[in-house]
Colleague: 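Got a structure for you, written out below as structure tokens; questions coming shortly.
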There are 2 protein chains.
Amino acid sequence: MADVAREAGVSASTVSRVFSLPGTVRTDTRERVLAVARRLDFTPNRTASSLARGRTRTLGLLVPDVVNPYYAEIVKTVQRRTRAKDHALFLADTGDDPADGFELARIMARQTDGLLLAGPRMTDGMVGELTRAGPVALIGARLPETDSAYAQLDTGMRHVARHLAALGHTRIVYVNGTRTARTPGHRQPVQDACDEFGIELVEQLGPFDLTFDNGVAAADLVPTSGATAVIAHNEMVAHGVACGLARQGRSVPSDFSLVTVDDTFMARAIHPALTALHIPLDVMGVRGVDLLLQRIEDPDGEPRHAALPTSLVVRGSTGRPGGARP
Amino acid sequence: MADVAREAGVSASTVSRVFSLPGTVRTDTRERVLAVARRLDFTPNRTASSLARGRTRTLGLLVPDVVNPYYAEIVKTVQRRTRAKDHALFLADTGDDPADGFELARIMARQTDGLLLAGPRMTDGMVGELTRAGPVALIGARLPETDSAYAQLDTGMRHVARHLAALGHTRIVYVNGTRTARTPGHRQPVQDACDEFGIELVEQLGPFDLTFDNGVAAADLVPTSGATAVIAHNEMVAHGVACGLARQGRSVPSDFSLVTVDDTFMARAIHPALTALHIPLDVMGVRGVDLLLQRIEDPDGEPRHAALPTSLVVRGSTGRPGGARP
DNA sequence: GCAACCCTTGCATGCGCTTGCAAAGCGGGT
DNA sequence: ACCCGCTTTGCAAGCGCATGCAAGGGTTGC
């Protein structure tokens with residue numbers, strides 16, 4: 001920077017201002033400085049800038065599992081939005097352990113301007129603590145004190161129930177996990193939606209987590225349940241159910257209809273393609289980043305929440321019970 | 001840090017040394033400083049440290065598409081290894097455009113100690129330029145001048161060909177993309193392996209890229225090719241082929257056998273599960289990080305290359321031609 | 001008992017940029 | 001012609017930590 005200043009015949013502060021506050025420098029000086037900078041291939045050192053300003057222009061994103069397409073899509077959109085806002089992105093994959101996630105978050109909080117937690121696997125108390133310690137925004141989860149962007153599952157589940165009811169299903173199983181079963185925000189909407197459309201609901205708790213393998217296990221219990229349709233709480237478990245049913249020689253949708261919550265590219269990557277409740281992950285990511293950036297600007301504002309609409313995408317995995325023609 | 005120094009009755013430099021060069025501080029002083037630091041909840045400011053040392057302790061990872069499980073697995077393993085080595089990870093999703101990828105890489109290079117390029121979508125010349133500009137390591141690609149960790153596809157393809165030949169296949173189609181078709185490192189091994197086992201090879205070039213949709217399109221051409229088995233160049237396209245065949249009402253493996261190169265969780269998430277040439281992505285990620293870290297330590301050493309062994313995982317998608325019993 | 005060393009510690013300076021403050025330049029209104 | 005206010009620029013003091021150098025204390029060997 002000193003070199004550029006000398007070559008351009010100005011002081012270092014002017015060079016600095018050309019890059020950080022271009023408006024305060026007269027146009028011709030600015031041009032001259034920029035020309036020299038280009039010639040000398042100079043770019044301001046971001047580390048030094050961070051130190052001087054106390055801002056890193058870096059955001060941190062924590063996800064439980066990048067390999068899961070649900071989170072991968074979030075990573076993708078968050079990463080893009082972050083870059084569009086001229087920030088860099090630290091990524092951490094936390095796994096399922098709450099303590100690990102919390103620890104990682106704390107470490108990351110020290111090196112970033114703010115944290116984005118996607119589907120955090122930690123206790124509400126931990127999230128609260130992080131929120132008090134620095135800017136935090138949630139993606140795909142909601143807590144009163146923390147900014148968040150999440151999907152409106154209640155109306156979404158009504159779409160699903162209406163669709164199944166219209167096809168003639170009167171008894172369905174809902175494949176859930178023990179974790180989400182305890183957070184009523186996810187389970188209650190299903191119950192309410194089924195009640196509204198006169199559907200009998202059989203809740204099938206996966207043994208622990210909503211993984212592919214547990215979906216396969218759940219599929220084994222479906223035929224004896226007396227239900228004709230299955231709603232899977234997320235897409236990994238939905239694929240497990242689909243795969244499990246196929247292995248049993250059952251056919252979708254003629255033996256059982258299957259609906260998944262979440263709609264990543266994988267829903268279309270099997271045959272029949274899965275009818276899905278589309279969660280707007282891209283919008284959630286963008287809103288999450290924006291909320292976080294606002295929070296960084298104004299640390300003491302009221303918590304803000306973005307509830308995003310879902311939509312039902314009907315594909316080949318749902319049909320009339322027993323494969324009947326309409 | 002000044003506070004800690006005062007409380008502990010030492011100078012700031014000693015506190016600094018406790019954290020950065022613990023060996024040079026007497027044990028009891030160190031303990032005392034650490035105790036105070038813990039009490040005051042002090043951790044060294046990483047930005048300041050970076051500025052003073054000229055090292056950010058941050059690595060950058062560029063992938064073309066995080067949503068693709070192949071790259072997601074790489075992200076996961078790289079992220080874990082990076083953290084284990086006490087570094088942070090910047091992530092960028094570059095998309096398929098070479099110029100974008102290069103530009104992003106240059107930006108990232110300025111804020112990190114080194115760059116990891118996974119399946120780079122840029123020209124060899126661009127990679128060379130980056131390599132000359134700073135530490136770079138390749139994952140899943142090989143270039144003479146750049147450190148790299150990649151899979152030994154030649155022996156891998158021989159495993160695949162031997163497997164198919166043993167089942168009785170004599171004519172197979174290889175679904176490739178126009179891009180990889182031009183990089184002999186990927187195509188030639190297939191040809192060689194088929195030659196060795198007396199298999200006739202029909203090369204089926206996807207119209208452009210190795211995506212799911214192009215796999216579906218490729219599947220339409222398989223039945224008329226006279227082949228009884230398909231090798232897909234990567235897993236996305238393999239799923240497309242599987243899905244396309246299913247939509248045609250063809251059955252795998254009784255009508256056609258299908259083998260995929262790459263073996264992510266998705267290979268087991270469909271029925272029948274895909275026989276796959278397993279690429280050790282986890283090891284590749286770890287080796288990539290390690291190579292990069294070594295390169296950072298020793299910028300002028302000879303380029304190093306890690307060729308990792310693949311393995312064939314036989315699952316349900318391969319069988320005898322025409323579904324014959326052995 | 002003394003010299004030669006090593007281990008610890010503190011001092012001072014520097015990493016490269018930002019920014020409050022003040023000075024200089026400029027134009028306009030009276 | 002003079003004063004005021006605005007714009008543009010420079011000066012200097014940090015931001016928080018790392019580290020070369022030197023000093024002090026302790027140890028070892030002869």
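So that the names make sense, note that chain A is the first sequence line, chain B the second, and so on, each numbered from 1. Remember, it's a predicted structure, so these values are computed and weren't measured experimentally.
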Colleague: Distance check needed: dG14(C) P versus L51(A) CG, whole Å only.
Modeller: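 So the CG-P distance, L51(A) to dG14(C), works out to 17 Å.
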Colleague: Restricting both atoms to N or O, compile the protein contacts to nucleotides 22-24 of chain C shorter than 3.5 Å, with distance only.
Modeller:
none

Colleague: NA contact type, T29(B), heavy-atom cut-off 4.0 Å: base, sugar-phosphate, or nothing?
Modeller: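 Sugar-phosphate only.
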Colleague: Does any pair with a residue in residues 297-308 of chain A pass salt bridge (charged side-chain N to carboxylate O under 4.0 Å, His left out), and if so which ones, sequence neighbours excluded?
Modeller: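 Every salt bridge (charged side-chain N to carboxylate O under 4.0 Å, His left out) pair that includes a residue of residues 297-308 of chain A, provided the two are not neighbours, is R55(A)-E297(A).
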Colleague: Do any N or O atoms from the side chain of T58(B) and from the backbone of T56(B) form a donor-acceptor pair under 3.5 angstrom?
Modeller: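 Yes; judged by distance alone, with no hydrogens or angles, the pair exists.
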Colleague: Look at atom CD of E31(B) and say whether more than 12 heavy atoms of other residues, nucleotides or ligands are closer to it than 6.0 Å.
Modeller: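 Enclosed.
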Colleague: With sequence neighbours left out, write down each residue that passes salt bridge (charged side-chain N to carboxylate O under 4.0 Å, His left out) with R26(B), or none if nothing qualifies.
Modeller: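 With sequence neighbours excluded, R26(B) shows a salt bridge (charged side-chain N to carboxylate O under 4.0 Å, His left out) to D28(B), given in chain and number order.
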Colleague: Under 3.5 Å, sequence neighbours excluded: what are the donor-acceptor pairs made by side chains of residues 95-103 of chain B?
Modeller:
from, atom 1, to, atom 2, distance (Å)
D96(B), OD1, R121(B), NE, 2.8
D97(B), OD2, A99(B), N, 3.1
D97(B), OD2, D100(B), N, 2.9

Colleague: With Y70(A), which residues qualify under ring-ring contact (aromatic ring centres under 6.0 Å, His included), at least two apart?
Modeller: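 In terms of ring-ring contact (aromatic ring centres under 6.0 Å, His included), with neighbours along the sequence ignored, Y70(A) is linked to no residue.
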Colleague: Could you run down the sub-3.5 Å N/O contacts of the protein with nucleotides 26-28 of chain C?
Modeller:
none

Colleague: Using C1' atoms of five pairs at each end, report the bend of the helix from dG1(C)-dC30(D) to dT30(C)-dA1(D) rounded to 10 degrees.
Modeller: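 The two end axes of the helix from dG1(C)-dC30(D) to dT30(C)-dA1(D) meet at 30°.
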Colleague: I'd like to know if R57(A) and D113(A) make a salt bridge, using a cut-off of under 4.0 Å between side-chain N and carboxylate O.
Modeller: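 No salt bridge links R57(A) with D113(A).
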Colleague: Please tabulate, one pair per line, each protein N/O and nucleotide N/O from nucleotides 17-21 of chain D that are separated by under 3.5 Å, including the distance.
Modeller:
from, atom 1, to, atom 2, distance (Å)
dC17(D), OP1, N45(B), N, 2.9
dA18(D), OP1, S49(B), OG, 3.3
dA18(D), OP1, R53(B), NH2, 3.4
dA18(D), OP2, S16(B), OG, 2.4

Colleague: Quickly work out the R30(B) CZ to dC7(C) P distance and round it to whole Å.
Modeller: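 For the pair R30(B) CZ and dC7(C) P, the rounded distance is 14 Å.
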Colleague: Using the side-chain heavy atoms of V25(A), tell me which of these nucleotides is nearest: dG16(C), dT9(D), dG10(C).
Modeller: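 For V25(A), the side-chain atoms sit closest to dT9(D).
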Colleague: If you draw a 6.0 Å radius around CZ in R106(A), do more than 12 non-hydrogen atoms from other residues or ligands fall strictly inside?
Modeller: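 Incorrect, the count does not exceed 12.
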Colleague: Donor-acceptor pair, distance only, cut-off 3.5 Å: does the side chain of T14(B) make one with the backbone of V10(B)?
Modeller: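 Not at all, since once roles are kept as given, no pair shorter than 3.5 Å links the two residues.
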Colleague: R38(A): which residues meet the side-chain hydrogen bond (donor to acceptor under 3.5 Å, both in side chains) condition with it, sequence neighbours left out?
Modeller: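 Partners of R38(A) under the side-chain hydrogen bond (donor to acceptor under 3.5 Å, both in side chains) test: none.
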Colleague: Can you give each donor-acceptor pair under 3.5 Å made by side-chain atoms of residues 15-23 of chain A, sequence neighbours left out, with the distance rounded to 0.1 Å?
Modeller:
from, atom 1, to, atom 2, distance (Å)
S20(A), OG, S16(A), O, 2.9

Colleague: Please table the atom pairs, donor to acceptor, closer than 3.5 Å between any side-chain atom in residues 129-137 of chain A and protein atoms at least two apart or in another chain.
Modeller:
from, atom 1, to, atom 2, distance (Å)
T131(A), OG1, V127(A), O, 2.7
T131(A), OG1, T146(A), OG1, 2.9

Colleague: Only pairs at least two apart or in different chains count here, so list each side-chain hydrogen bond (donor to acceptor under 3.5 Å, both in side chains) that has a residue in residues 73-84 of chain B.
Modeller: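 Every pair satisfying side-chain hydrogen bond (donor to acceptor under 3.5 Å, both in side chains) with a residue in residues 73-84 of chain B: D65(A)-K76(B), Q79(B)-R83(B), R81(B)-D290(B).
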Colleague: What is the distance, rounded to the nearest whole Å, between atom CZ of R6(A) and atom P of dT9(D)?
Modeller: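 Distance, rounded to whole Å: 19 Å.
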